[in-house]
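Read the structure below first, then the notes.
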2 protein chains.
Amino acid sequence: MATIRERNKRLILKTACQVFADKGFAATKTSDIADKAGLPKANIYYYFKSKEALYRAVLESIIEPLLQAYTPFHREQEPARALEAYIKAKLRISREHADASKVFAHEIMHGAPHLSPQSLAQLKDEAEASVARIRQWIEEGRMAPVDPQHLMFTIWASTQTYADFDWQILQITGRKKLAAKDYDAAARLITDMVLKGCEVSPCEA
Amino acid sequence: MATIRERNKRLILKTACQVFADKGFAATKTSDIADKAGLPKANIYYYFKSKEALYRAVLESIIEPLLQAYTPFHREQEPARALEAYIKAKLRISREHADASKVFAHEIMHGAPHLSPQSLAQLKDEAEASVARIRQWIEEGRMAPVDPQHLMFTIWASTQTYADFDWQILQITGRKKLAAKDYDAAARLITDMVLKGCEVSPCEA
DNA sequence: GTCTATACGACGATAGAC
DNA sequence: GTCTATCGTCGTATAGAC
């Protein structure tokens, strides 16, 4: 059941996520968040200890989805399937968690000063595991000998860009908002490019 | 000849570029810049009207390189040559103008509130011209029918990431600083992937 | 052209009434 | 649990001595 406490906390978190994504941590005023949420500023402080605590809560909310996205590297036996599923998962995050994703990007760009060491360690572990998996596939001759680290950098960048640089993408596409078919087009292009680059044949449907 | 005025202005600009790249506009204090440059804070204001004017000067410094990078699309007749040269140019910017590049990315992420309309229009024109050129090559059957806009998004993202997410890349690669061979490896992977994705054969050396 | 000292506004955070 | 009123601090910008 949704207590008042839970409902308000959720409203504040959601609003804060939008504002932090839009302006960044330092440029965001707690009054911006309060106004947008339709609450007095003091109410924010009743539910969250400080602006920074609120920011950290937003930031940590994206960690679980990001970690989840790596599962194809653990489960899938086929390089093509794993890469395709990973790209799809990352694009889904850019779409469904666009704001939190942007907050995360902002954080990483500046050296992750607010991210907890635990989250950082988990993300690093998953990243390294995926690189190791790709390296293994290459040794087994199941994909072309691309540089596994740079491959991951390219996948991260090209999927993340749909959250981070959404404004730019809307400018160029002339859209007001990206729709399902835009994300599909992105998925097709990125997947196609990666699979051809790795010289693995795409899997059926 | 370097007058005192020119020398100091240059020092402040260079220092500001580093600090803005590191922290972002809002989180940067003018005293941070002053301290790092070894000057009293008032000196900054003697050379620049305001913190924002200084920021804009840093921001505009990256526009010319970014516009220059598009020349291969105007000059080169071969898709493969143009794409390869563009990727190379963009990666060079990420390396040689890493800080200004990061400031630019930060700005675009938040809807370019400080960028001059002229610079914005110029960048948009070049972006659209390159998309048109790719579309033309596709119509002429000289490359695979990829989505030209999403192709550019992927190239922007995967090259820009070496400036924006340098911290992350250093974490994963375990380097202290990226070297020439790292940028070469990046260029190789991205170029390879793009050219294979577009089904154009790479050009010789 | 350089620098100290300070005015002034903005914002994070809280006290305390309801 | 909600909200108004306010405090204290920090940071931009400048006045004015050297």
Side-chain angles (χ1 to χ4, degrees), chain A residues 1-61 99 103 106-107 110-111 113-116, chain B residues 1-60 103 106-107 110-111 113-116:
Chain A
M1 215 221 57
T3 67
I4 292 180
R5 183 164 199 93
E6 275 165 7
R7 239 184 346 112
N8 274 345
K9 241 187 138 162
R10 208 180 301 275
L11 171 64
I12 293 169
L13 257 175
K14 192 182 141 196
T15 311
C17 189
Q18 291 169 12
V19 181
F20 283 137
D22 190 37
K23 311 233 193 181
F25 175 72
T28 295
K29 302 175 246 184
T30 49
S31 62
D32 290 344
I33 298 170
D35 292 351
K36 189 157 188 175
L39 295 171
K41 198 174 61 167
N43 213 311
I44 307 278
Y45 285 92
Y46 178 72
Y47 289 104
F48 293 89
K49 210 184 85 230
S50 64
K51 178 185 171 186
E52 206 193 318
L54 176 52
Y55 179 77
R56 274 201 302 267
V58 168
L59 193 55
E60 293 290 337
S61 74
D99 288 330
V103 172
H106 194 277
E107 184 67 11
H110 297 96
H114 300 279
L115 203 57
S116 73
Chain B
M1 215 224 50
T3 66
I4 292 179
R5 185 167 197 91
E6 276 166 6
R7 238 182 350 111
N8 273 346
K9 243 187 139 163
R10 207 181 303 275
L11 170 64
I12 293 170
L13 259 175
K14 192 183 141 196
T15 311
C17 189
Q18 292 170 9
V19 182
F20 283 137
D22 189 36
K23 311 233 194 181
F25 175 72
T28 296
K29 302 176 245 182
T30 48
S31 61
D32 290 343
I33 299 171
D35 292 351
K36 189 158 187 174
L39 295 170
K41 200 174 54 168
N43 212 311
I44 307 277
Y45 286 92
Y46 178 71
Y47 289 104
F48 293 89
K49 210 184 87 231
S50 65
K51 179 185 169 184
E52 206 193 319
L54 175 54
Y55 179 75
R56 274 202 302 267
V58 168
L59 193 55
E60 293 290 335
V103 171
H106 194 276
E107 183 67 12
H110 297 95
H114 299 279
L115 203 57
S116 73

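Each chain gets a letter, A, B and so on, in the order its sequence line appears, and its residues count up from 1. Given the structure is predicted, the values throughout are model-derived calculations rather than measurements. Worth knowing before you read on, the calculation uses all heavy atoms, side chains too, and leaves out hydrogens, waters and symmetry mates.
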Whole-Å distance between dT2(D) C1' and L39(A) CG? 10 Å
Please produce a list of atom pairs where a protein N or O lies less than 3.5 Å from an N or O of nucleotides 7-9 of chain C.
none

Among dG1(C), dG12(C), dT4(C), which is the nearest nucleotide to the side chain of P40(B)? dT4(C)
Are any non-hydrogen side-chain atoms of L54(B) and Y47(B) less than 4.5 angstrom apart? no
Would you mind reading off the distance between R7(B) atom CZ and dG1(C) atom P, rounded to a whole angstrom? 11 Å
Any non-hydrogen side-chain atom of V19(B) less than 4.5 Å from a side-chain atom of K36(B)? yes
Does the structure place the NZ or CZ of K9(A) under 6.0 Å from the centre of the six-membered ring of Y46(A), at an angle of no more than 45° from the ring's axis? no
Does the side chain of L11(A) come within less than 4.5 Å of K14(A)'s, by heavy atoms? no
Taking every non-hydrogen atom, the tightest pair across L13(A) and A57(A): CD2-CB, 3.8 Å
Side-chain N or O of Y47(B) versus OP1/OP2 of dT2(C): is the shortest distance under 4.0 Å? yes
Is the side chain of E107(A) donor-acceptor paired with the backbone N or O of H114(A) at a distance under 3.5 Å, no angle test? yes
For the side chain of I4(B), counting heavy atoms from C-beta on, which of dC11(C), dT4(C), dG1(C) is nearest? dG1(C)
D35(B) CG to dC3(C) C1': how many Å, rounded? 14 Å
Distance in angstrom units between K29(B) NZ and dC11(C) P, rounded: 16 Å
Before you tell me yes or no, could you show the steps for F20(B) and I33(B) under side chain to side chain contact (heavy atoms under 4.5 Å, CB included), namely the whole-Å CA-CA distance, both residues' side-chain angles and the distance that decides it to 0.1 Å? CA-CA 9 Å; F20(B) 283 137; I33(B) 299 171; 4.0 Å; yes
Length of the CD-P vector between E6(A) and dG1(D), whole Å: 11 Å
Decide if the gap between the ring center of F25(A) and the ring center of H106(A) is smaller than 6.0 angstrom. no
Between P on dC11(C) and CD1 on I33(A), what's the gap in Å once rounded to a whole number? 13 Å
Do any pairs count as a salt bridge (Lys or Arg N to Asp or Glu O under 4.0 Å) and have a residue in residues 44-53 of chain A, sequence neighbours left out, and if so which ones? E52(A)-R56(A)
Pairs: protein N or O with nucleotides 13-18 of chain D N or O, under 3.5 Å:
residue: dA13(D); atom: OP2; partner: Y45(B); partner atom: OH; Å: 2.7
residue: dA13(D); atom: OP2; partner: K51(B); partner atom: N; Å: 2.8
residue: dA13(D); atom: N6; partner: K41(B); partner atom: NZ; Å: 3.0

How many Å lie between CZ on F48(B) and C1' on dT2(C), as a whole number? 16 Å
Under 4.0 Å between a side-chain N or O of N43(B) and OP1 or OP2 of dT4(C)? no
What's the CG-P distance between N8(A) and dC3(D), to the nearest Å? 9 Å
